[in-house]
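Worksheet: one structure, shown below.
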Number of protein chains: 2
Amino acid sequence: MNYSRQRESIKEYLMSTHEHPTADIIYQHVKADYPKISLGTVYRNLTLLVDLGEVRKISTGDGTEHYDADTSAHSHYYCRCCHRVMDLEVTPSVDQILAASSAGLGTIEIANLLFTGVCQSCLNEQSKE
Amino acid sequence: MNYSRQRESIKEYLMSTHEHPTADIIYQHVKADYPKISLGTVYRNLTLLVDLGEVRKISTGDGTEHYDADTSAHSHYYCRCCHRVMDLEVTPSVDQILAASSAGLGTIEIANLLFTGVCQSCLNEQSKE
DNA sequence: TTCTAAAACAGTAATTATTCCTATTTTTAT
DNA sequence: ATAAAAATAGGAATAATTACTGTTTTAGAA
């Protein structure tokens with residue numbers, strides 16, 4: 001695999017934010033530095049980075065995938081109202097779960113715990129109306 | 001909300017299987033009883049049932065959503081090779097997690113734990129080659 | 001049982017996220 | 001400097017899902 005400035009820029013942006021952006025948001029940001037970058041390049045590199053284990057893909061079920069350069073064991077909270085993904089310090093004892101559940105299964109590469117609900121700021125907005 | 005035979009059939013099929021089918025698979029099955037049913041009807045009713053909490057949507061990140069009529073607390077194992085979703089008895093102490101993590105957040109409606117890897121049968125296939 | 005309004009439907013068109021394709025440019029090693 | 005491999009931009013194609021519209025079904029009241 002060869003170096004590419006575009007891929008580097010995508011990684012850099014992802015590492016600088018905690019916002020779990022979608023491919024399109026990443027595209028818009030990287031465009032500031034590389035105005036000619038194409039969306040296809042963003043997608044291709046995201047797939048690459050996920051396969052390399054350098055980036056985590058977060059599927060919320062809202063129609064777009066979110067990406068996170070923080071690959072440490074942590075959970076996410078998804079607000080089905082504003083569609084934001086937030087980090088959660090709380091992580092279950094994934095190691096124990098993995099040990100307990102891996103019997104009879106194949107490999108386990110990713111364990112993703114996702115909470116869904118309506119976040120505090122959306123609840124505040126709703127109570128105003 | 002009014003009764004509909006199509007919705008009943010969708011629910012019935014979902015309750016009869018442990019295969020976590022996609023909308024299209026559900027469509028093909030319900031078609032056996034209702035040959036004129038349209039895919040749009042399947043999607044609309046799935047969304048309805050999920051909103052009612054009678055069906056669970058499982059997002060694996062493989063481009064299609066999976067559905068499950070078993071709404072009890074349980075985990076899933078996703079094989080990134082054959083794209084099947086399987087049930088896992090093992091469930092972390094979600095109640096504890098919820099209690100611990102709900103501080104400062106909004107509501108928590110769904111907690112989904114998804115394991116991803118390559119399942120035993122896919123590993124067997126691969127070792128043959 | 002008719003009648004009526006609301007809800008649901010089938011069929012199809014439209015949308016949107018993502019992938020694929022190709023000719024050109026960049027990277028890397030010689 | 002050169003050449004092969006890898007990556008890119010741009011645009012076309014795909015596939016899952018949603019939206020639209022005229023027709024049918026449902027449910028409740030007359």
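So you know, we letter chains A, B, ... as the sequences are listed, proteins then strands, and number each from 1. The basis for the numbers below is simple: all heavy atoms, side chains too, and nothing from hydrogens, waters or symmetry mates. Keep in mind it's a predicted model, so treat the numbers as computed, not measured.
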- prompt: Roughly how far, to the nearest 0.5 Å, is the CD atom of Glu8(A) from the CG atom of Asn45(A)?
  reply: 10.0 Å
query: How about His66(A) and Tyr78(A): does a side-chain donor come under 3.5 Å of a side-chain acceptor?
result: no
field: Nearest-Å distance for atom pair CG/C1', residues Leu39(B) and dA14(C)
entry: 15 Å
field: Ser59(A) and Glu65(A) side chains, donor-acceptor separation under 3.5 Å
entry: yes
- prompt: Arg7(A) or Thr47(B): which one's nearest nucleotide on DNA chain D is closer to the 5' end?
  reply: Arg7(A)
message: Can you measure Lys31(B) atom NZ to dA10(C) atom C1' for me and round it to whole angstrom units?
response: 12 Å
- request: Grab the CG-P distance between Leu52(B) and dA8(C) for me, whole Å please.
  value: 10 Å
- prompt: When all nucleic acid strands are considered with a 4.0 Å heavy-atom cut-off, which category describes Asp24(B): base, sugar-phosphate, or nothing?
  reply: nothing
Between C1' of dT24(C) and CD1 of Ile37(A), the distance in whole Å: 16 Å
query: OP1 or OP2 of dT26(C) sitting under 4.0 Å from any side-chain N/O of Gln6(A)?
result: no
message: Treating Tyr77(B) as the side-chain partner and Val118(B) as the backbone partner, does any N or O pair qualify as donor plus acceptor under 3.5 Å?
response: yes
- prompt: So, Asp24(A) and Thr22(A): side-chain donor and acceptor under 3.5 Å apart, yes or no?
  reply: no
statement: To the nearest angstrom, the CG-C1' distance between Asn45(B) and dA8(C) comes to 8 Å
message: Rounded to whole Å, how long is the line connecting atom NZ of Lys11(B) with atom P of dA8(C)?
response: 14 Å
- request: May I ask you to evaluate whether Arg44(B) reaches the phosphate of dA8(C), defined as a side-chain N or O under 4.0 Å from OP1 or OP2?
  value: no
- request: Using only side-chain N and O atoms of Ser4(B), determine if any of them is under 4.0 Å from OP1 or OP2 of dA8(C).
  value: no
task: Give the rounded distance in Å between these two atoms: CG of Leu48(A) and P of dT18(C).
output: 16 Å
message: Between Ser121(A) and Arg84(A), do the side chains contain a donor N or O and an acceptor N or O under 3.5 Å apart?
response: yes
task: Using chain B heavy atoms and a threshold of under 4.0 Å, write down where along DNA chain D the contacts begin and end, 5' to 3'.
output: dA16(D) to dA27(D)
message: Heavy atoms only, 4.0 Å cut-off, all strands: where does Tyr3(A) land among base, sugar-phosphate and nothing?
response: sugar-phosphate
field: Upstream residue (5' side of DNA chain C) when Gly40(B) and Met1(B) are each assigned their closest nucleotide
entry: Met1(B)
- prompt: Does a side chain donor of either Asp68(A) or His18(A) reach within less than 3.5 Å of an acceptor in the other side chain?
  reply: no
task: Please determine, for the side chain of Ser38(B), which listed nucleotide (dT27(C), dA10(C), dT18(C)) has the closest atom?
output: dA10(C)
- prompt: Between dT16(C) atom C1' and Glu65(A) atom CD, what is the distance in whole Å?
  reply: 14 Å
